[in-house]
Amino acid sequence: MHLTSRQTLLDWVRRGRLAPANLPAALALMGLPPASARWQWLFDRLLLWLGSLCLGAGLVFFVAFNWQELGRLSRLALLELPLLAMLVLLWRKPMTDTPRQALLLAIALNIGALLALVGQTYQTGADPWQLFATWALLLLPLAALGMSPLLWTLSWLLGQLALVLYWRLGLFGFFFTFDEQALGWCLTLFNAALWGALLLVPARVRLMPSWLAGLAAGLGVTLLALLALFDAASPWVWPAWIGWLVAAYLRWHHRFIAGLAMGCLSLIAVTLAALGKWMEPDVNGFLLLSLIAIGLSVLASRWLQQQRRQHHV
């Protein structure tokens, strides 16, 4: 954000909307460069989140490194006791939002490690998809009680990973052959529906960032479009792809540059794939495609910069 604000002020100076002599005062008013308190706040949050990640990873690596020396009960205790302590701390001690979210992340990592340990110790015969699906389900009540968008997002990712792993086993066979295209449609429609549902929810009670589901839907429909170029596909792929581009532009126009960049990337990838299929290129053809990719990327970059300036002017 600071970089964007600084660039906006510099643009104003170039256009004559801000006198060069007033630029230092304007930068100071915007908090540029950041004061020492802002740096302290940044390092405080950074160390907090790194500490949570290291705590969760450290428990896993400690048990894995000492696997031969530790008995079954010792391994379970090394993961269950810290989990119990963190749950008691979360229940008994009032916390502000950021420390609570960091503690919830450490708890979530500990739960995943405990599930993996149980499966490895007792050899239940469960497939990897069941581990991730169970992990995602166990995080749901914790995310709801802790009002944590982070855990909702983690549960969403784990659920989709479980679906992909389940599909790889070839166990889907209800009413149709669950091939790559069907998996792509499943993930795309799920994320598109989730994106639409999150947009209807007020921001203050939103379970997870809506743009994540939107980008995931865009990635899925882009992969479907690429598959459609080289294989027989449903006729609904292209209307769905164009519909996502239009929806993303209308939703993120002048608001979310990363979403617009995703739309540009999708358009460039599909265009290059279509040209490659039409040209059936040799070495010179690949060189031409590379030049076209560079040109399209430059045009997309200039357009994105223009959208950003229009939003901040």
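FYI, side chains are in, hydrogens and waters are out, and symmetry mates aren't considered; it's all heavy atoms of this structure. Starting from 1, each residue takes its place in the sequence as its number.
Counting heavy atoms from C-beta outward, W152 and L157 have side chains that stay 4.5 Å or more apart. Q101 has its side chain within reach of P149: a pair of non-hydrogen atoms, C-beta onward, lies under 4.5 Å apart. Counting heavy atoms from C-beta outward, N110 and E80 have side chains that stay 4.5 Å or more apart. Proximity of F286 to M279: side-chain heavy atoms (C-beta onward) are nowhere separated by under 4.5 Å. Between R251 and W195 the shortest side-chain heavy-atom distance falls below 4.5 Å. W241 is listed as a side-chain neighbour of L267, based on a closest heavy-atom distance under 4.5 Å. Looking at L163 and F190, their side chains never come closer than 4.5 Å, going by heavy atoms from C-beta outward. Counting heavy atoms from C-beta outward, L83 and L79 have side chains that stay 4.5 Å or more apart.
Between the side chain of W244 and the backbone N or O of G214, at least one donor-acceptor pair lies under 3.5 Å. Under a 3.5 Å cut-off, the side chain of W135 and the backbone N or O of A108 do form a donor-acceptor pair. Side chain of S52 to main chain of L48: a donor-acceptor pair is present (N/O by atom type, distance under 3.5 Å, no hydrogens or angles). With hydrogens and angles ignored, the 3.5 Å screen pairs a side-chain donor or acceptor of S297 with a backbone N or O of A293. The closest donor-acceptor contact from the side chain of S266 to the backbone of M262 lies at 3.5 Å or more, if one exists at all.
By the rule that hydrophobic residues join a cluster once side-chain heavy atoms approach within less than 4.5 Å of another member, L55 and L115 end up as members of one cluster. Residues L114 and L89 fall within the same hydrophobic cluster, defined by Ile, Leu, Val, Met, Phe, Trp and Tyr side chains chained together at heavy-atom separations under 4.5 Å. Taken together through direct or relayed side-chain contacts under 4.5 Å among Ile, Leu, Val, Met, Phe, Trp and Tyr, L265 and L224 form parts of separate hydrophobic clusters. Both Y249 and I257 belong to a common hydrophobic cluster when Ile, Leu, Val, Met, Phe, Trp and Tyr are linked at side-chain heavy-atom distances under 4.5 angstrom. One hydrophobic cluster, built from ILVMFWY side chains closer than 4.5 Å, holds both L142 and L158.
Between A228 and W238, the shortest heavy-atom contact is CB-CZ2, 4.0 Å. Among all heavy-atom pairs drawn from R100 and M147, the shortest one is NH2-O, 4.3 Å. Summarising the geometry of A300 relative to I268, their closest heavy-atom pair is CB-CD1, 4.1 Å, with the distance given to 0.1 Å. Nearest approach of S210 to L199, heavy atoms of both residues: OG-CD2, 3.8 Å. The two residues L229 and A274 come nearest to each other via the heavy atoms CD1-N, 3.7 Å. Nearest heavy atom pair, residue A217 against residue N191, reads N-CB, 3.7 Å.
Separation of atoms CG (L223) and OG1 (T188) is listed at 7.5 Å; rounding is to 0.5 Å. Between L296 atom CG and S301 atom OG the span is 12.5 Å, to the nearest 0.5 Å. In this structure, K277 NZ and L272 CG are separated by 15.0 Å, a value rounded to the nearest 0.5 Å. Interatomic distance, CG of L304 versus CG of L299, reported as 11.0 Å (0.5 Å rounding). Atom CG of L151 is separated from atom CG of L104 by 5.0 Å, given to the nearest 0.5 angstrom. To the nearest 0.5 angstrom, L187 atom CG is 5.5 Å from Q160 atom CD.
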Output, in order, the C-alpha distance, side-chain angles, deciding distance and verdict of side chain to side chain contact (heavy atoms under 4.5 Å, CB included) for L78 and L59.
-> CA-CA 7 Å; L78 281 173; L59 290 172; 5.7 Å; no

Full working for side chain to side chain contact (heavy atoms under 4.5 Å, CB included) between L137 and F132 | CA-CA 9 Å; L137 291 175; F132 291 105; over 6 Å; no

Please test L198 against W211 for side chain to side chain contact (heavy atoms under 4.5 Å, CB included), starting from the C-alpha separation and ending with a verdict.
-> CA-CA 9 Å; L198 289 175; W211 58 267; over 6 Å; no

Carefully, step by step, assess V221 and L245 under the rule side chain to side chain contact (heavy atoms under 4.5 Å, CB included).
-> CA-CA 10 Å; V221 77; L245 290 178; over 6 Å; no

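In this structure, W129 and Y166 have tilted ring planes: the angle between them lies in the 30° to 60° band.
Residue L73 qualifies as open at atom CG: its count of foreign heavy atoms under 6.0 Å is 12 or below.
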